[in-house]
Structure formats: C-alpha cells, structure tokens
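This report refers to the structure that appears directly beneath it.
Values below: every heavy atom of this structure, side chains too, minus hydrogens, waters and symmetry copies. In what follows, every chain begins at residue 1, and chains take the letters A, B, ... in the order their sequences are listed.
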Amino acid sequence: MQINPNTSEAYKLLHNGVLALSRAEQQGIRIDLDYCNKAKEELTTRIDSLEKALYDTNFYRHWSHSIGNKKPNIYSNTQLSHYLYKTKKIEPVFTTKSGQGSTDEEALTELNIPELNDLLAIRRLKKVRDTYLEAFLREQVNGYIHPSFNLHLVKTFRSSSDSPNFQNIPKRDKEAMKIVRQALFPREGHLLMEADYSGLEVRIAACFHKDPVMLRYINDTTTDMHRDMAKQLFLIDQFNPDEPTHKLLRAATKNGFVFPEFYGSWYKNCAVGLVCSWGKLPRTGKWKAGQGIKFENTYLADHLISKGYNSLEKYMLHVKEVENDFWGVRFKEYAKWKERHWKAYQKSGYIDLKTGFRCYGVMAKNDVINYPVQGSAFHCNLWALTQLDKFLREHDYDTRIIGQIHDSIVLDVHPDELQRVSKIIRRITCKELPATWEWINVPLDVEIDIGKVDASWAEMEKMEEN
DNA sequence: GGAACTCGCCAC
DNA sequence: AAACGTGGCGAGTTCC
C-alpha cells in the first residue's frame, strides 16, 4: 500500500503544512514543572498504597505461588493471564488477537473480582504518571515541550505526533484529564484556545457520497442523526435531551453504533458494545428486572424486556434490523457509494483523496472506504492551520499556533487579540476553505474553546459566537 | 544488551 | 466472505 501527493496541489499542501507545523513545534507548549513533579509524587504515593493493599491479599499470594520460581509482577499480563485462565481455570470471555485470554479492562471487569478492580485502578494511575507526566518532564526544555507533528508517517496522509505525543492527551476520563492537562499552560499573561471542526469526518464523507439524507442531517441543525439512531436502537418514544439516561444512550449510539458502522463494523459487534459495555447488561443468559444502567425511572433491562428483548441474543436481532434500515433505507445513497467506490478500486487499483493524493496497492474494503475520508478531512484542518499561520505572521500577531489534533487547532493567544483571532479562525476554517476547495459541498462549523488568562488546559470553556 | 514482538490504552 | 479506520508509547517478553 502506498500513497503519494499526486498533484502539485497536494505537494504544496504538504510543503506549506510542514513549514507551519515546524513553527508550532518551535513555539512549544509551556508546562508547570513544579506541578508535574508534585503530581508525580502524589500519584506514586497513591500507587504505592494500592500496591501494598494488593500484595496483602490471598489473591496475590495465590498468584505468586502459581508462577513457580519466577518473580511475581502485578504488571505482567503474561503472569496474570496464566494465573486466571490456567491456574484458576476461568473460562476466558475475551481473547487477544493471538488467542490468549485477555487481561484488558473489559475482560477483568467482567470477572468481577475485587482485586482485579484494584489492579485496574492502579493501571489508570500509572498510565497518567508514566505515559504523560513522565514524558512531559523527560521532553521539556526550559519549561516547554515541543511535540513533533509528522506529515510523512500515516498511511492516509493524516498527521501523527510524538516526543511527546500531543494528540492523545486524556480528555474523556475526567480525573485523568484534570491531572494531565493541569500541567499544560499558555505563555505568561496569555490564554489557551482550541478551535475544533464539528463532525468533520462525517461532513467530508458526505462530499464523497452526497447522500441526501446525510446532507439533510448536516444542513438542518434542528435534526440530529445520533438522537434518531438512539431512539431506534433503544426504542425510546420521546427523546428528552435533558434526561440523563437519554443523553448517555445517545453517546452510546454515537460511539457504539454510528461511528463503528461508518468505519466498517457490523451489528453483532455493535450490539454487544451497546447493551453490555454501555448498558451494563450481561452477555449471556436471560436479562432480569433491575439489571443494567438506570433508564428513566427504572432499569435498562426492564425497559428492553418490556419491548420484547430479554437477552443479548434477542437484542442482536433488533440491532440487525436497525443496521439493515441504516444502510438499506436511511443512508442508502451512502451505501451505494461504498459499493461503487469499492468496485472502482478493484478495477483501477487505486483510490484518490479529494486533496490530490493517490493511494494504491492492496487494500481491504474498509480501508478503501475509510482512507480517502480520513485523509481529506485532515487536509481541511491542515490547510486552515497553514492559512492561519500565514495570517498571524503577516500581521505581526503575538498569538501563536502551538499544535493540532487532526480536526482541531490549538493556540496560545494574547488576550488583546482574542476577538480578532477567533474571528479570523471562523473566517478561514468555515468560509475561505470551502471557497478555495470547490468539492466541499457541505457547510463547515467550528467550535472554539478558550481558557482564562494564565489558566491551564484543564479549564476550557466554550467561547460563544458574537 | 538491544531489537522486535505482544498487549493494553490514550486520542481522533 | 467478512466484519472498527488512523496513530504513539510504556511495560513485559522473547529472540539473537
């Protein structure tokens, strides 16, 4: 598999993009060294005490005994897998790619053993300390980290980042988010800003398939594809955006059905994720009243049983029907494009991005469908970043671009420039880009989050448009 | 003692 | 027929 900038436009995009990103690298991101060291120590204290508690259990003594002469190590998943699935003879619910009994979070949670829950808590703290805080301290120079942004490593001509990786800083887990992002600051007297394209990949996909139903979802902001799918998947008659369980099930639908289906997953995998991982219902056997997450005034099991689904097996048939409707009725033009596009690749041996890149070689069907969308979507962000960099330099702004996360741009902003910068970002990202690339047949939208002056990246809030 | 590997987990 | 796309990185393990 190989992909090349196949046109002078593609070459220029990379050339200018590399220069703009190198300036962001040179600028860097300020970190609070004292905080990093202190947070590291606090985490170590917590980890040590959790470790000690774990060592003082029969579970650990049994584990140590089970591995013979070797040194017991609670961080060895080889030992853990052997202990659980060989010594204790537990039947593994999940296996790894190579067929071993899995020891990931999902597998250990399923076993419902208190010591394993403690081990998972330790893993979470270690991840924060060793992958993020340690890396910041190791990579920092005079209180700044300078993440690399690469344009030459990813198959789809997206970007990657390393040393340290600026594109995988915790966000979803609020505790991890706070601990790590509290280390990252703007320059003194400045504030952080992140401008994030809303639903960029979904919109760029629509530039390929032009599905009228999808275009309606994108163009009419009163509609909501994830809400509609949540209603269908979880049999909700009246969706109430203020009802917490409806909110959660919308998120489950978005991340456990809609996006996986777009990436090429199928109903069987989606069904398990939806009701077992998100809904906390058992994978095997009949569901009983009171099981699963809370739902309205009752529980998910009660609700689904009342609709005629009393087991994963039964519920899967429902998800299968929803999937058939999803691709066969709702987004049938999208589905037709996938087939056309796949056939065209099989005939020609290559696929083209919208941005002048050509991708050729042996690819699986999911790759053929995903690569052009992923690459083209990122290139929208790269073009905008490049134009923004040019503007800020030509007009002698003090504001600096400091990074990029696939569909967003991160800046270190002078407070006096805040209004002007946000205005120019909206202009470049949502007006100048579609005016320049005529293949963009959808509206683009950007959400801007800002921090307070001298506040860390843990405390961002939405900046309202005015 | 280091390269290459697996596994787990963070992001989009 | 098959069945979730793209990365980076830490720790443990295996091989040379």
Exercise for the section: Would you confirm whether the ring centroid of Tyr334(A) sits within less than 6.0 angstrom of the ring centroid of Phe208(A)? Expected result: no
Completion exercise
Separation of dA3(C) atom C1' from Glu339(A) atom CD, nearest Å, is 13 Å
Practice task
Look at Ser76(A) and dA11(C) and indicate whether a side-chain polar atom (N or O) is within less than 4.0 Å of OP1 or OP2.
Solution key: no
Practice task
Round to a whole Å and report the spacing from CD of Gln374(A) to P of dC12(B).
Solution key: 13 Å
Fill in the blank from the handout: Closest of dC9(C), dA11(B), dG12(C) to the Arg172(A) side chain is dA11(B)
Problem - Under-3.5 Å donor-acceptor pair between Arg158(A) side chain and dC12(B) base - result: yes
Practice task
Please tell me which of the listed nucleotides, dG8(C), dA11(C), dC7(B), lies nearest to the side chain of Lys97(A)?
Solution key: dC7(B)
Practice task
Answer yes or no: does a side-chain N or O of Ser408(A) lie under 4.0 Å from OP1 or OP2 of dC12(B)?
Solution key: no
Handout entry: Phosphate OP1/OP2 of dA2(C) contacted by Asn366(A) side-chain N/O (<4.0 Å)
Key = no
Handout entry: Atom-to-atom span, CD of Gln167(A) to C1' of dA11(B) - whole angstrom
Key = 8 Å
Problem - Phosphate OP1/OP2 of dG7(C) contacted by Ser159(A) side-chain N/O (<4.0 Å) - result: no
Practice task
Measure from the side chain of Asp407(A), starting at C-beta and using heavy atoms only, and say which of dT6(B), dG5(C), dC12(B) lies closest.
Solution key: dC12(B)
Practice task
For DNA chain C, determine which residues of residues 442-450 of chain A have any heavy atom closer than 4.0 angstrom to one of its atoms, and list them numerically.
Solution key: none
Handout entry: Gap between atoms NZ and P, on Lys155(A) and dC4(C) respectively (whole Å)
Key = 14 Å
Exercise for the section: Kindly point out which of dG8(C), dG10(C), dC10(B) is positioned nearest to the side chain of Tyr132(A)? Expected result: dC10(B)
Handout entry: Rounded distance (Å) that lies between atom P of dA11(C) and atom CZ of Arg129(A)
Key = 8 Å
Practice task
Report which part of the nucleic acid Pro170(A) touches: base, sugar-phosphate, or nothing (heavy-atom distance under 4.0 Å, all strands).
Solution key: sugar-phosphate
Handout entry: Phosphate-side-chain proximity, Ser265(A) and dA3(C), N/O vs OP1/OP2 below 4.0 Å
Key = no
Handout entry: His15(A)/Tyr11(A) aromatic ring centres below 6.0 Å
Key = yes
Problem - dC10(B) base / Lys127(A) side chain donor-acceptor hit below 3.5 Å - result: no
Practice task
Look at the side-chain N and O atoms of Asn77(A) and state whether any lies under 4.0 Å from the OP1 or OP2 oxygen of dG12(C).
Solution key: no
Problem - Donor + acceptor pair across side chains of Glu134(A), Thr131(A) (<3.5 Å) - result: no
Exercise for the section: Go through dC9(C), dA11(C), dG8(C) for me and flag the one nearest to the Ser163(A) side chain. Expected result: dC9(C)
Handout entry: Cationic N near anionic O, under 4.0 Å, Lys268(A) to Glu313(A)
Key = no
Exercise for the section: Taking the six-membered ring for Trp and the single ring otherwise, decide whether the centroids of Phe166(A) and Trp457(A) are under 6.0 Å apart. Expected result: yes
Completion exercise
Double-helix bend of the helix from dG1(B)-dC16(C) to dC12(B)-dG5(C), axes at both ends from 5 pairs, round to 10°, gives 0°
Handout entry: Presence of Tyr371(A) side-chain N/O under 4.0 Å of dG5(C) phosphate oxygens OP1/OP2
Key = no
Exercise for the section: State whether Thr96(A) places a side-chain N or O below 4.0 Å from either non-bridging phosphate oxygen (OP1 or OP2) of dC7(B). Expected result: yes
Exercise for the section: Tell me whether the centres of the aromatic rings in Phe259(A) and His226(A) are closer together than 6.0 Å. Expected result: yes
Exercise for the section: Determine the contact category for Ile369(A): base if any of its heavy atoms lies under 4.0 Å from a base atom, sugar-phosphate if only primed atoms, P, OP1 or OP2 are that close, otherwise nothing. Expected result: nothing
Exercise for the section: For Asn370(A), answer base if it contacts any base atom (sugar-phosphate contacts may also be present), sugar-phosphate if it contacts only those atoms, and nothing otherwise; contact means non-hydrogen atoms under 4.0 Å. Expected result: sugar-phosphate
Problem - Length of the line joining Arg123(A):CZ and dC10(B):P, which is rounded to integer Å - result: 10 Å
Exercise for the section: Tell me whether the centres of the aromatic rings in Phe331(A) and Phe326(A) are closer together than 6.0 Å. Expected result: yes
Handout entry: Presence of salt bridge, Arg426(A) and Glu447(A), under 4.0 angstrom
Key = no
Fill in the blank from the handout: Rounded to whole Å, CG of Leu120(A) lies from P of dC10(B) at a distance of 10 Å
Exercise for the section: Between dC9(B), dG8(C), dC7(B), spot the one nearest the side chain of Asp104(A), thanks. Expected result: dC9(B)
Exercise for the section: Scan Glu105(A) against the nucleic acid and name what it touches under 4.0 Å (heavy atoms): base, sugar-phosphate only, or nothing. Expected result: sugar-phosphate
Problem - Arg181(A)/Glu459(A) ion pair, N-O < 4.0 Å - result: no
Handout entry: Ion pair check, Arg30(A) and Asp412(A), cut-off under 4.0 Å
Key = no
Problem - Side-chain ion pair, Glu105(A) and Arg123(A), N-O less than 4.0 Å - result: no
Handout entry: side-chain N/O Thr103(A) vs dC7(B) OP1/OP2, d < 4.0 Å
Key = no
Problem - Separation of dC12(B) P from Ile204(A) CD1 (nearest whole Å) - result: 18 Å
Problem - Phosphate OP1/OP2 of dC12(B) contacted by Lys171(A) side-chain N/O (<4.0 Å) - result: yes
Exercise for the section: Would you check if the distance from the ring center of His62(A) to the ring center of Tyr83(A) is below 6.0 Å? Expected result: yes
Handout entry: Selection from dT6(B), dC9(C), dC12(B) that lies nearest to any side-chain heavy atom of His406(A)
Key = dC12(B)
